[in-house]
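Shown next, in structure tokens, is the structure this report addresses.
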Protein chains: 2
Amino acid sequence: MPSRLPTLEDVARVAGVSRATVSRVINGIRNVDPQLHEVVWNAVGETGYVPNRLARSLVTRRTGTVALIVSDSETHDDDPFMSRFFADPYFGRVVGGLMSVLRGNGVQLALQIVGTEEGRKRLVGDLRNGQADGAILLSLPPVDPLPRMVVEGGVQTVMIGRPAEPVPISYVDLANDTGAALAAEHLLGRGCRTIGMISGPADVPASNDRISGFRRSMARHGHAWFPLATGNFTRESGELAMRTLLAEHPDLDGVFVANDLMALGALLALRDAGRQVPGDVAMVGFDDSSAATAARPALTTIRHPLEDMAAEAATLLLARVDDADRPVSSVIYEPTLVVRQSA
Amino acid sequence: MPSRLPTLEDVARVAGVSRATVSRVINGIRNVDPQLHEVVWNAVGETGYVPNRLARSLVTRRTGTVALIVSDSETHDDDPFMSRFFADPYFGRVVGGLMSVLRGNGVQLALQIVGTEEGRKRLVGDLRNGQADGAILLSLPPVDPLPRMVVEGGVQTVMIGRPAEPVPISYVDLANDTGAALAAEHLLGRGCRTIGMISGPADVPASNDRISGFRRSMARHGHAWFPLATGNFTRESGELAMRTLLAEHPDLDGVFVANDLMALGALLALRDAGRQVPGDVAMVGFDDSSAATAARPALTTIRHPLEDMAAEAATLLLARVDDADRPVSSVIYEPTLVVRQSA
DNA sequence: ACACTCTCGGAAAGCGCTCTCCAACCCCCT
DNA sequence: AGGGGGTTGGAGAGCGCTTTCCGAGAGTGT
């Protein structure tokens, strides 16, 4: 552990030029004699110099970092929810999608979790102070003050999933309603007569959109009403919801489940009830997560190109970081139906 | 978007004191008149001042950030491997465990992925320069120069999983061999006569330990040899390995699968072959991931307390950051057997 | 040859913060 | 009343880097 790392000054001394010149060479600014150029690089190699990103950031006001903010309404340190969230492939897929773009641009990702009012304030403050060049926001709670806060704080931000309240913020989202409509039509096209739905919490935008898309499509085909049970996106809740649905509507022959994890649970409930899938009851899931292919029967599901969406969010953010005046924009991805065995 | 954020200077002016005094108050250093104390805090509130972490870090040499390094041997930008890795709950569980400790200490996590030689060099350089106070290292490739590099660079680091080569580095690991022995004994105790194993790649330390632990335990019970098939920890590979095993040893009545994901695949292969689990073939998995409870039959498996291990790694790292002279240490977690339906 | 433009390298001013000195002051003891 | 010890607040020197501003030297046209 050498006592001190070489600085620009050291390199300059070795190269026999001024700090400024070394800085120019390193940052690839022309106006430097090619010969000196080489001398400087040699000195850099000799000293083992590595620029100090902190010092550089302080003056350039650029950090080469974007923050991934996971906003939760009120998380306590030992809240099991967070561990549930991280264990869900959703989180990893988002990170993977983001990194696929960020890595190529030499940008690093800093993870920030924020739950309290106090935490949100500090976060926005830090962000404005150049803690990061911009932020990707994953907003979990149905209504979250954070999107508005970052916008008002002038922090470059792109959300994944649309904000619940109207806020002038860029975002990348999935056409959840179209996806649900796809599911409805597939079930209907298969000849199902009594089709139920297992939804997520109604106050979450994505979940709400899936319900309304399904409803609209069903209505168009003459099913103004359909059995609906609500879960919370966990497998257990899906199992429970399916039992409820089955108890109240024994004649059910089709079901749209708002995510694959709940579909997994629903599959179990159906099996326990002695119903064949897709023979007795056809099922369409949502997300095309790894759970869909792991299920037996493999799930027919709506593909949610999460990695692509996250990558797009990163691209959008990077563009905004480069050009702050870029107008707020949103990109909506169209989901597709993936037919497997369950419907 | 105000043109300029308030600085210490501004607060000092408003409060009518010097920069130094404001700094003292904000950092809670005593020796400040309580009355002035209040005046300063009021000024802070009035100006909406937030300390600039970058500037602070530059002088304190503390960033309040630890890096999570995912080291891969040779990743190209569009390598599908990485997306597979992120989609695996393993990654999220690690992040969740780390965050549970870091959050409480106001430390943020910066994600770094490194694949090339060039990238490793730059990473270590940045780390030494105080890009982060320390690093948590997730080393994927069987043999990775990075552990040695960080140690030699004097970067505080804790690995999750032991290094493949002997390097004086702190790490947190699971007693993989004990876990495998647990599985062997459970299968044996159940009365299985012909027990096979589906392992991961033999050059990965964790995988190797599971093989040797299983082998040792089997040998102790008179099974000097047992059928072994190798997979790569994916579900598909587990399915394939199971088919192979079954083809070569039709009398198999027990199998230990080195992770739950492969066990899931093995379960499918068994079903396709018309074997009942656990009736005809008993199965023990490894990890106690969400896949274990989602499987039917639910998997008897070895619990891998990954979140706790990650949390321990974070704790260890934080301690080393506070006291750089702390000796290198390692913590080994003992796995436990979770009995469900499959064995 | 002379004024003129251009190119190039160096000096130095910060970016926002911490922290070491040091001066000023108050209290108490003799 | 005078000196020692203990507080308290301010001035200022950096942390390592970028970048503006200038001056020196070189190249062009008349």
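Computed from heavy atoms alone, side chains included, the values below leave out hydrogens, waters and symmetry copies.
The CG-P distance, from A:L58 to D:dC15, rounds to 14 Å in whole Å. The distance between atom CD1 of A:I26 and atom C1' of D:dC17, rounded to the nearest whole Å, is 10 Å. Distance A:D10 CG to D:dG16 C1': 11 Å, rounded to the nearest Å. A straight line from CG of A:L8 to P of D:dC15 spans 13 Å, rounded to a whole angstrom. One interatomic measurement links the two molecules: CD of B:E9 to P of D:dG12, which rounds to 13 Å at whole-angstrom precision. Here the C1' atom of nucleotide D:dG16 and the CD atom of B:Q131 are 14 Å apart, to the nearest Å.
Nearest nucleotide to the side chain of A:N52, out of D:dC21, D:dG16, D:dG10: D:dG16. With D:dG12, D:dC17, D:dG9 as the choices, the nucleotide that has an atom nearest any side-chain atom of A:R56 turns out to be D:dC17.
By the 30° and 60° cut-offs, the orientation of the rings of B:F91 relative to B:F86 is perpendicular.
Between D:dG16 and A:T7, no contact under 4.0 Å exists linking OP1 or OP2 to a side-chain N or O. Of the side-chain N and O atoms in A:R53, none sit less than 4.0 angstrom from OP1 or OP2 of D:dC17.
Between the A:R53 side chain and the A:T63 main chain, a donor and an acceptor come within less than 3.5 Å of each other. In this structure a side-chain-to-backbone donor-acceptor pair under 3.5 Å is present from B:D10 to B:T7.
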Determine, stepwise, if the pair B:L127 / B:I69 fulfils side chain to side chain contact (heavy atoms under 4.5 Å, CB included).
CA-CA 11 Å; B:L127 251 24; B:I69 307 174; 3.8 Å; yes

Take A:E118 and A:K121 through the salt bridge (Lys or Arg N to Asp or Glu O under 4.0 Å) test and state the conclusion after the steps.
CA-CA 5 Å; A:E118 165 63 19; A:K121 278 221 190 81; 5.8 Å; no

Working for salt bridge (Lys or Arg N to Asp or Glu O under 4.0 Å), residues B:D322 and B:R62
CA-CA 10 Å; B:D322 269 345; B:R62 273 301 199 80; 3.1 Å; yes

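Both B:R19 and A:R19 lie close to DNA chain D; mapped to their nearest nucleotides by heavy-atom distance, the more 5′-ward contact belongs to B:R19.
Using five terminal pairs a side, the axes of the helix from C:dA1-D:dT30 to C:dT30-D:dA1 at its two ends make an angle of 50°, given in steps of 10 degrees.
Only one option out of A:T315, A:D325, A:V328 pairs with A:R320 in a side chain to side chain contact (heavy atoms under 4.5 Å, CB included); it is A:V328.
Here the CD1 atom belonging to A:I332 is positioned 8.0 Å from the CE atom belonging to A:M309, to the nearest 0.5 angstrom.
Among the atoms of the strands shown, base atoms are found under 4.0 Å from some heavy atom of A:S23. Across all strands, A:N27 comes closer than 4.0 Å only to sugar-phosphate atoms, never to a base (heavy-atom distances). Among the atoms of the strands shown, none is found under 4.0 Å from any heavy atom of A:L54.
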What pairs of donor and acceptor atoms, side-chain ones from residues 163-170 of chain A against any protein atom, are under 3.5 angstrom apart with sequence neighbours left out?
residue: A:S170; atom: OG; partner: A:S329; partner atom: N; Å: 3.0
residue: A:S170; atom: OG; partner: A:S329; partner atom: O; Å: 3.2

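Using a 4.0 Å cutoff to heavy atoms of chain A, the contacted part of DNA chain C runs 5' to 3' from C:dC8 to C:dG16.
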